[in-house]
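Model, not experiment: these values are computed from the prediction.
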Amino acid sequence: MPNSKGISVLLIACLIAPVVHAKISQWTPIDTSEGWIKVASAINGIEGYSIIDSGANLHAINEAFLREAKLELRKIGRGSRVQGVVGEEVVGNYAPINVRVFGEELEFRSLRGLDLGDPNLQLLIGAGFLRHFIFQFDYPQNRMRLMSREAVNMKKVANIPSKSARGAGAPLVKVRLNDELDVWLVLDTGSTGGVLLDRNVVDRTSWLEDYEQSAGTIQGVVESGQTHSFVLPSVKFGPFDLGGVAIRTQAEGKEFKMFEQSTYTGTHIPRSSTEAVGLLGYQVLKHFVITLDYRSGRVHVGTRASP
């Protein structure tokens with residue numbers, strides 16, 4: 001399983017010194033217009049963007065970018081099996097590469113090759129980076145920053161039940177749905193929807209009868225799957241009660257791999273489904289400033305940046 005060695009010690013040398021000295025880094029602009037957290041990046045002098053994905057337990061390089069840029073990176077090993085929401089496939093592993101991101105030249109290791117569409121998308125950045133710092137994602141102001149653990153006491157300020165998933169360590173948050181059910185969801189900055197919820201959970205309620213449904217699809221890294229969607233009147237996320245949140249679930253008779261086994265690929269790449277029954281994505285997160293300690297799983301949800 002990927003761990004913090006997935007990103008080079010060069011990252012620590014470049015980033016942790018100024019962060020520890022200043023306690024809190026400067027704000028970095030992000031683009032959330034498509035539902036992802038996108039940051040500027042460059043590989044071999046080619047400019048593009050990368051996505052920060054809190055639900056991902058490894059890093060990936062976009063095969064579409066490699067094709068467009070005509071870059072031939074060295075493959076290592078025999079490949080890795082990646083399981084999507086609906087299917088699975090074996091993908092290549094690439095040797096370490098240097099990426100300019102956050103104003104520094106960093107070496108990323110343990111890269112999987114995934115076809116992520118837009119050739120301007122270069123990397124998907126996951127746990128190997130996130131576990132080193134406390135992150136603050138200010139969705140309303142389209143910015144993010146890093147904090148040292150000396151800068152903020154997350155045990156004291158966390159204001160929502162949360163924890164790290166066993167195994168992959170993805171952050172889980174407890175969310176109350178319609179004042180009826182408490183569920184554990186992966187806090188997933190790589191998911192562009194509202195809430196993706198296991199059909200087995202939905203079937204324990206009357207929601208599919210109570211609320212108007214619409215049919216759709218969800219696109220995983222391997223293939224797409226059929227879904228049903230409806231709008232739930234109330235979703236309680238930490239101290240906040242949101243109305244009109246879209247819930248997606250698999251169509252009747254369809255199974256999503258992410259709900260069957262302990263490791264899966266949701267929006268992009270492998271994640272842990274232990275205890276989690278779904279994903280919490282952008283359509284909820286976009287209202288808030290999310291402060292996240294990936295290592296401990298502690299989360300603070302607010303409407304303004306602090307400290």
Side-chain angles (χ1 to χ4, degrees), residues 1-30 37 39 50-59 99 101-110 123-139 141 143-174 184-190 237-239 271-272 274-276 280 285 288-307:
M1 178 176 296
N3 54 32
S4 59
K5 294 180 181 178
I7 190 165
S8 161
V9 292
L10 181 61
L11 181 150
I12 306 302
C14 291
L15 293 184
I16 204 169
V19 171
V20 169
H21 175 73
K23 300 292 187 181
I24 301 174
S25 76
Q26 297 296 314
W27 289 105
T28 296
I30 61 176
I37 292 178
V39 294
S50 294
I51 290 175
I52 297 178
D53 188 343
S54 64
N57 67 6
L58 49 78
H59 306 312
V99 180
V101 64
F102 297 106
E104 300 289 346
E105 195 78 16
L106 308 178
E107 184 184 64
F108 282 81
R109 301 178 178 177
S110 300
L123 286 190
L124 191 144
I125 301 172
F129 179 72
L130 292 169
R131 69 177 72 242
H132 290 299
F133 308 101
I134 293 173
F135 282 77
Q136 192 166 72
F137 301 112
D138 186 345
Y139 278 89
Q141 297 297 320
R143 58 185 185 170
M144 62 169 285
R145 59 183 175 178
L146 289 67
M147 304 178 180
S148 68
R149 290 186 169 82
E150 291 80 7
V152 57
N153 185 342
M154 287 299 296
K155 185 175 182 180
K156 181 177 179 179
V157 304
N159 62 350
I160 183 172
S162 61
K163 57 186 174 182
S164 292
R166 292 192 297 270
L172 305 184
V173 291
K174 185 181 283 187
W184 286 101
L185 304 175
V186 176
L187 193 159
D188 191 353
T189 62
F237 179 45
R271 312 158 189 271
S272 170
T274 305
E275 304 172 272
L280 183 75
L285 301 177
F288 301 109
V289 178
I290 306 295
T291 307
L292 167 66
D293 184 351
Y294 196 101
R295 192 165 70 186
S296 70
R298 294 190 175 101
V299 178
H300 178 272
V301 183
T303 55
R304 63 184 181 88
S306 62

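Contact of the V299 side chain with the T291 side chain is not registered, since no non-hydrogen atoms from C-beta on lie closer than 4.5 Å. Contact check for I24 versus V152: no side-chain heavy atoms found under the 4.5 Å cut-off. Contact check for K174 versus I160: no side-chain heavy atoms found under the 4.5 Å cut-off. Under the 4.5 Å side-chain criterion, counting only non-hydrogen atoms from C-beta, P171 is in contact with L292. Residues I30 and Y139 form no side-chain contact, since every pair of their non-hydrogen atoms from C-beta on lies 4.5 Å or further apart. Side chains of D138 and V289 form a contact here, defined as non-hydrogen atoms less than 4.5 Å apart.
The CE atom of M154 lies 7.0 Å from the OG atom of S162; values are rounded to the nearest 0.5 Å. How far OG1 of T189 is from CG of L130: 7.0 Å, rounded to the nearest 0.5 Å. Here CD1 of I37 is found 9.0 Å from CD1 of I290. Values are rounded to the nearest 0.5 Å. Rounding to the nearest 0.5 angstrom, the gap separating the CG atom in L187 from the OG atom in S54 is 5.0 Å.
The salt bridge (charged side-chain N to carboxylate O under 4.0 Å, His left out) test with D293 singles out one residue from R149, R131, K163, and that residue is R149.
The side-chain contact (heavy atoms from CB on, under 4.5 Å) check on Q26 picks up nothing, with sequence neighbours excluded. For F137, the ring-ring contact (aromatic ring centres under 6.0 Å, His included) test picks out F135, with sequence neighbours left out.
Using modelled atom types, no side-chain atom of E150 and backbone atom of K23 make a donor-acceptor pair closer than 3.5 Å. Listed for the S25 side chain is no donor-acceptor partner under 3.5 Å among the backbone atoms of R145. The main-chain N or O of G126 is found under 3.5 Å from a side-chain atom of H59 such that the two form a donor-acceptor pair. Of the possible polar contacts, one joining the N159 side chain to the V301 backbone as a donor-acceptor pair under 3.5 Å is found.
Ring pair F102/F129 is parallel by interplanar angle, where below 30° counts as parallel and above 60° as perpendicular.
Residue R295 places its CZ atom among 12 or fewer non-hydrogen atoms of other residues, nucleotides or ligands, all under 6.0 Å distant.
Between A158 and R298 the shortest heavy-atom distance is CB-CB, 4.2 Å. When every heavy atom of L172 is checked against every heavy atom of A276, the shortest pair comes out as CD2-CB, 3.9 Å. Nearest heavy atoms, S164 versus S296: OG-C, 3.5 Å.
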